[in-house]
Every structure is written in structure tokens, then in C-alpha cells.
Amino acid sequence: MFNKLALIGIGLIGSSIARATKLKGLAKTIAISTRKAATLEEARELGLGDTYTLDAAEAVKDADLVIICAPVGAYAEVMKQIGPALMPGAIVSDVGSVKVHVIKVMQPHIPAGVHLIPGHPIAGTEHSGPKAGFAELFEGRWCVLTPDAAVDRIAVDRLISFWGALGSKVEVMDAAHHDLTLAITSHVPHLIAYNIVGTVDDLEAATQSEVIKFSASGFRDFTRIAASDPVMWRDIFLTNRDAVLEMLGRFLEDLSQLQRAVRVGDGAAMEALFTRTREIRRSIITAGQETAAADFGRPHGTAETGAPVPAPLDTPEVGIREHGGGEDA
Ligand code: NAP
């Protein structure tokens with residue numbers, strides 16, 4: 001599909017793209033670049049690519065597909081380095097969890113004849129680094145692309161085919177709409193998780209140990225989300241501020257109503273809401289984005305790496321291949 005794929009950043013998402021691209025033979029060569037020498041060495045030991053360099057400009061030389069897989073806060077620095085080295089006709093994409101901001105940062109560095117097609121695979125886990133990735137991460141998951149209307153349609157179709165070959169379902173969307181949608185489906189839930197786990201951390205030490213000892217599934221699920229990468233999530237809230245504040249405002253209004261229902265003992269209102277929300281959960285399972293299996297069919301990390309071990313495809317109770325506990329940022 002491509003002659004040379006350059007991956008800038010080789011953590012969970014970058015290394016999963018590398019593994020899936022190799023497995024499916026989607027690029028003749030894969031060039032890997034990252035910031036730290038130790039991470040580059042790890043990628044080399046794992047055999048994720050064909051060439052390895054700390055020089056991002058060197059990695060993108062002659063690449064017909066470049067995907068930035070670094071935290072959003074690193075984009076400005078990365079684009080400054082790679083902009084002058086991009087090959088005419090190349091597709092430049094990314095996997096960042098916010099889109100309006102990254103377009104603003106990337107666009108000024110895109111030379112004429114290079115196609116900027118931002119992307120966001122809605123797939124992930126709470127683990128980080130090159131060891132955390134796995135080739136099946138994108139299978140059955142959505143990947144959203146947010147190209148400007150003026151971008152070459154053939155280039156967009158090539159990238160749609162690439163993500164399709166990685167196993168994703170692809171949707172092309174307006175960047176602002178993407179940011180608003182993800183604010184409520186991903187960003188605000190993470191903020192709530194970080195907040196509730198932080199609240200427990202602020203409790204008296206004695207109470208805290210009780211909470212940990214008797215933690216029920218509700219709190220446990222929050223802690224899983226709140227274990228997601230601090231740098232990545234810092235960058236998301238710094239760069240998708242308006243959409244997050246809009247959705248957080250709505251959430252707080254609804255929470256006030258629920259608080260009132262609890263205070264006045266309005267059981268009917270609570271039951272009506274909980275019945276409605278249960279239906280949403282069921283429709284997510286029906287849409288194949290989650291499974292109803294015990295523990296939702298999630299694979300558990302190995303002791304050595306913490307990386308998820310994918311459930312076998314044919315596990316009947318799992319139904320669909322499910323990964324990692326999904327901090328699908
Ligand atoms: P990760 O596992 O922490 O990997 C990040 C990678 O970026 C590391 O290889 C890191 O390498 C590298 N990096 C950091 N700063 C860099 C710089 N200035 N130049 C070059 N490389 C740099 O993170 P991830 O989960 O793969 O996330 C990467 C991107 O995917 C983020 O933009 C995130 O928003 C998006 N995303 C994440 C998820 C998810 O659930 N995790 C889902 C969808 C999209 P060093 O060790 O060398 O610093």
C-alpha cells in the first residue's frame with residue numbers, strides 16, 4: 001500500500017500501527033523515530049521497524065505516509081523538525097485525541113503538494129510505551145479522519161484503505177464535531193475518573209485503606225481509567241478546552257438534578273434515568289463496541305509488561321475481540 005511508513009513516536013498507538021502494518025504487509029519499509037534513545041532501543045529490540053533514528057526529519061525522508069504518534073503537546077516541536085523534509089505527494093497524518101488544535105499546529109508546516117489528513121483511532125488501553133502495543137488493537141474499532149474539504153480525495157481514500165486494512169471502520173468527520181463528540185464520550189469521563197480517584201486520595205489515610213480494601217466495581221472501573229497516561233491526558237485537556245468545558249457544563253447541570261432527586265427522595269426520577277442509561281449500555285454492546293461477558297471480556301496484563309494479552313478471537317463468551325480496558329482517548 002505504501003513504500004515507506006514513518007512513525008514519529010512509538011508508544012502504545014505507534015507500536016500497534018507498526019505491528020499491524022508489518023503483519024499485514026502494508027508498507028515496504030517502516031522508519032521509526034522517537035524522542036528518547038532508550039525508547040528507540042526498545043523499539044529496535046522488539047523489531048517494530050526497519051530503520052531507527054532519533055532524527056525525525058531523517059525518518060520522514062522519502063516516506064509516502066507519515067503518522068505522528070506522540071502526545072499532542074509534542075506536535076509543534078515535531079512539525080518544526082519534519083516540515084522541510086516532507087516529500088511532495090506524501091500523506092501526513094496523526095493519531096491525536098483532539099483535532100482542531102492539532103490541525104492549527106500542523107497546517108503551517110505542511111509544504112505545497114503534501115496532504116494533511118489528521119486521524120484519530122478510537123482504540124486504546126491505559127498502558128503506554130512500545131511494549132504495550134499489539135497488532136489487533138484497531139480491529140473492529142472506529143478511526144476518525146478529519147481532512148479539510150480541499151484535501152486531495154485520492155489521498156484521503158488511500159488513508160481510509162490503510163486504516164481499513166488495519167482492521168478499523170473509518171469515518172470522515174469535521175474536526176470541531178470530532179472534538180465535541182469525544183469531549184463527552186471520552187474526555188469528560190476521564191476527568192470524572194481522575195476527580196473521583198483524587199477525592200479518595202484526599203481522604204483520611206484510614207478511610208482510604210478501607211476504600212481500597214472494599215473497593216467495589218464502580219470505584220475499580222474509575223481507577224482503571226484514572227491510570228491512563230498523565231502527559232497524554234494533560235495535553236488533551238489543554239488542547240480541547242472549549243469542547244470539554246461545554247460538555248462539563250451540561251454534565252454539572254444534570255448532576256445537580258440528580259443530586260436534588262437524591263435529596264428529596266424522588267425515586268421515580270432516579271429509576272427513569274437509570275432505565276434510560278441501561279438501554280444506552282445495551283446499545284453499545286449491540287453495536288459491537290463492548291461485550292456483555294463477565295469483566296467485559298477484557299484481557300489482563302502480564303506480570304512482566306502490564307501489556308494486555310488479547311482474548312482469542314474464537315472465545316465464545318467474548319464475542320468480539322476486546323482489548324485492554326479501553327482508554328479509547
Ligand atoms: P505513549 O504510549 O505514551 O507513546 C508516546 C510516544 O511518543 C512515545 O514513544 C514517546 O517516546 C513519544 N514522544 C513523546 N514526545 C515526543 C517528541 N517530542 N518527539 C517524538 N516522540 C515523542 O502514548 P500513546 O498512548 O501511544 O499516545 C500517542 C498519541 O495517541 C497521543 O497523541 C494520544 O492522544 C493518541 N491516542 C491515544 C490513545 C490511548 O488510549 N492511549 C488512543 C487514541 C489516540 P519517548 O519515550 O521517546 O519520549
Side-chain angles (χ1 to χ4, degrees), residues 6-20 31-44 46 48-49 52-60 66-83 93-103 105-106 118-134 137-138 141-146 163 166 168 178-179 181-183 185-187 189-190 193 224-240 244 305-308 323-329:
L7 295 169
I8 313 300
I10 193 71
L12 168 72
I13 303 290
S15 73
S16 295
I17 295 176
R19 287 175 167 98
I32 289 174
S33 180
T34 191
R35 179 182 49 168
K36 295 183 188 154
T39 309
L40 194 68
E41 205 40 52
E42 214 178 316
R44 194 197 305 268
L46 290 165
L48 295 174
Y52 303 86
T53 174
L54 290 173
D55 181 354
E58 173 66 27
V60 304
V66 175
I67 306 181
I68 299 174
C69 305
V72 171
Y75 278 35
E77 185 192 327
V78 168
M79 286 308 298
K80 207 157 58 171
Q81 287 170 30
I82 69 171
S93 190
D94 77 312
V95 295
S97 309
V98 301
K99 297 273 61 97
V100 171
H101 172 85
V102 303
I103 293 171
V105 172
M106 292 174 83
H120 177 204
I122 317 244
T125 77
E126 64 273 41
H127 301 292
S128 311
K131 284 199 182 94
F134 48 103
L137 178 64
F138 308 110
R141 296 304 193 156
W142 285 100
C143 179
V144 177
L145 302 181
T146 62
W163 277 103
L166 294 184
S168 285
H178 165 278
D179 287 0
T181 307
L182 268 289
T185 60
S186 172
H187 306 169
H190 275 75
R224 180 176 53 74
I225 296 177
S228 299
D229 189 70
V231 172
M232 175 180 135
W233 282 96
R234 177 203 65 192
D235 288 356
I236 288 174
F237 293 117
L238 287 175
T239 56
N240 198 24
V244 168
T305 66
H323 305 293
E327 281 10 289
D328 307 346

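Atoms within each ligand, like the ligands themselves, are counted from 1 in listed order. Just so you know, these numbers come straight off a predicted model, no measurement behind them.
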Enquirer: Within the 4.5 Å heavy-atom criterion, are Val98 and Leu182 side-chain neighbours or not?
Expert: no

Enquirer: When only distance counts, is Met232 in polar contact with ligand 1, meaning an N/O pair under 3.5 Å?
Expert: no

Enquirer: Please list, in number order, the atoms of ligand 1 under 4.0 Å from a heavy atom of Pro121.
Expert: 43 (C)

Enquirer: Using a 4.0 Å cutoff against the non-hydrogen atoms of Val95, which atoms of ligand 1 qualify?
Expert: 29 (C), 30 (O), 35 (C), 36 (N), 44 (C)

Enquirer: Search all heavy atoms of Ser128 against all heavy atoms of Ala132 and return the closest pair with its distance.
Expert: O-CB, 3.4 Å

Enquirer: For the residue pair Ser33 and Ile8, establish whether any side-chain heavy-atom pair is separated by less than 4.5 Å.
Expert: yes

Enquirer: Would you check the N or O atoms of Arg35, main chain and side chain alike, for any that come under 3.5 Å of an N or O of ligand 1?
Expert: yes

Enquirer: Considering distance alone, does some N or O of Leu12 sit under 3.5 Å from an N or O of ligand 1?
Expert: yes

Enquirer: Looking only at non-hydrogen atoms, which of Cys69, Gly133, Gly129 approaches atom 6 (C) of ligand 1 most closely?
Expert: Cys69

Enquirer: In terms of the angle between their ring planes, are Trp233 and His190 parallel, tilted or perpendicular, with boundaries placed at 30° and 60°?
Expert: parallel

Enquirer: Mind checking ring-ring contact (aromatic ring centres under 6.0 Å, His included) for Trp163 and listing every partner two or more places apart, or none if nothing turns up?
Expert: Phe138

Enquirer: Give the contacting part of Ala132 toward ligand 1: side chain, backbone, both or neither, where contact means a heavy-atom distance below 4.0 Å.
Expert: neither

Enquirer: Which atoms of ligand 1 sit under 4.0 Å from any heavy atom of Ser128?
Expert: 2 (O), 3 (O)

Enquirer: Taking Ser16 for the side chain and Phe134 for the main chain, is one N or O donor matched with an acceptor at less than 3.5 Å?
Expert: yes

Enquirer: So if I count the atoms of ligand 1 from 1 in the order they appear, which ones are less than 4.0 Å from some heavy atom of Ala74?
Expert: 15 (N), 16 (C), 17 (C), 18 (N)

Enquirer: Please work out whether any backbone atom (N, CA, C, O) or any side-chain heavy atom from C-beta onward of Ile13 is under 4.0 Å from ligand 1, and answer side chain, backbone, both or neither.
Expert: both

Enquirer: Does ligand 1 have any atom that is closer than 4.0 Å to a heavy atom of Thr125?
Expert: yes

Enquirer: Examine distances only and state if a side-chain atom of Arg19 and a backbone atom of Gly133 form a donor-acceptor pair shorter than 3.5 Å.
Expert: yes

Enquirer: Check whether any N or O atom of Ile8, backbone or side chain, sits under 3.5 Å from an N or O atom of ligand 1, and answer yes or no.
Expert: no

Enquirer: Looking only at distance, does Ser97 have an N or O less than 3.5 Å from an N or O of ligand 1?
Expert: yes

Enquirer: I'd like to check which ligand 1 atoms, numbered from 1 as shown, lie under 4.0 Å from a non-hydrogen atom of Val72.
Expert: 32 (O)

Enquirer: Where is the tightest heavy-atom contact between Ala18 and Leu7, given as atom of each residue plus distance?
Expert: CB-CD1, 3.7 Å

Enquirer: Does any N or O of ligand 1 fall below 3.5 Å from an N or O anywhere on Val78, backbone included?
Expert: no

Enquirer: Give the minimum heavy-atom separation between Ala226 and Ala193, together with the two atoms involved.
Expert: CB-O, 3.8 Å

Enquirer: Do Met232 and Ser97 make a side-chain contact, defined as non-hydrogen atoms from C-beta onward lying under 4.5 Å apart?
Expert: yes

Enquirer: For the side chain of Asp179 and the backbone of Asn240, is there at least one donor-acceptor N/O pair under 3.5 Å apart?
Expert: no

Enquirer: Just distance, no hydrogens or angles: give the donor-acceptor pairs under 3.5 Å from side chains in residues 68-83, sequence neighbours left out.
Expert:
residue : atom : partner : partner atom : Å
Tyr75   : OH   : Asp94   : OD2          : 2.6
Tyr75   : OH   : Gly96   : N            : 3.2

Enquirer: Could you tell me, atom by atom, which parts of ligand 1 come under 4.0 Å of a heavy atom of Glu77?
Expert: 18 (N)

Enquirer: Give the numbers and elements of all ligand 1 atoms closer than 4.0 Å to a heavy atom of Thr34.
Expert: 9 (O), 10 (C), 11 (O), 12 (C), 21 (N), 45 (P), 47 (O)

Enquirer: With atom 31 (C) of ligand 1 as the reference point, say which of Ala70, Ala76, Ala38 has the nearest heavy atom.
Expert: Ala70

Enquirer: Would you say Asp229 and ligand 1 have an N/O pair spaced under 3.5 Å apart?
Expert: no

Enquirer: Any N/O of His127 closer than 3.5 Å to an N/O of ligand 1?
Expert: no

Enquirer: Does ligand 1 have an atom that lies less than 4.0 angstrom from a heavy atom of Ala123?
Expert: yes

Enquirer: Do any nitrogen or oxygen atoms of Ile10 come within less than 3.5 Å of a nitrogen or oxygen of ligand 1?
Expert: yes

Enquirer: Report, in ascending order of atom number, the atoms of ligand 1 lying under 4.0 Å from any heavy atom of Gly124.
Expert: 40 (O)

Enquirer: So for ligand 1, is Tyr75 a polar contact partner (N or O within less than 3.5 Å, distance only)?
Expert: no

Enquirer: For the residue pair Thr39 and Ile10, establish whether any side-chain heavy-atom pair is separated by less than 4.5 Å.
Expert: yes

Enquirer: Hey, are the side chains of Ser15 and Leu46 touching, using non-hydrogen atoms and a 4.5 Å cut-off?
Expert: no

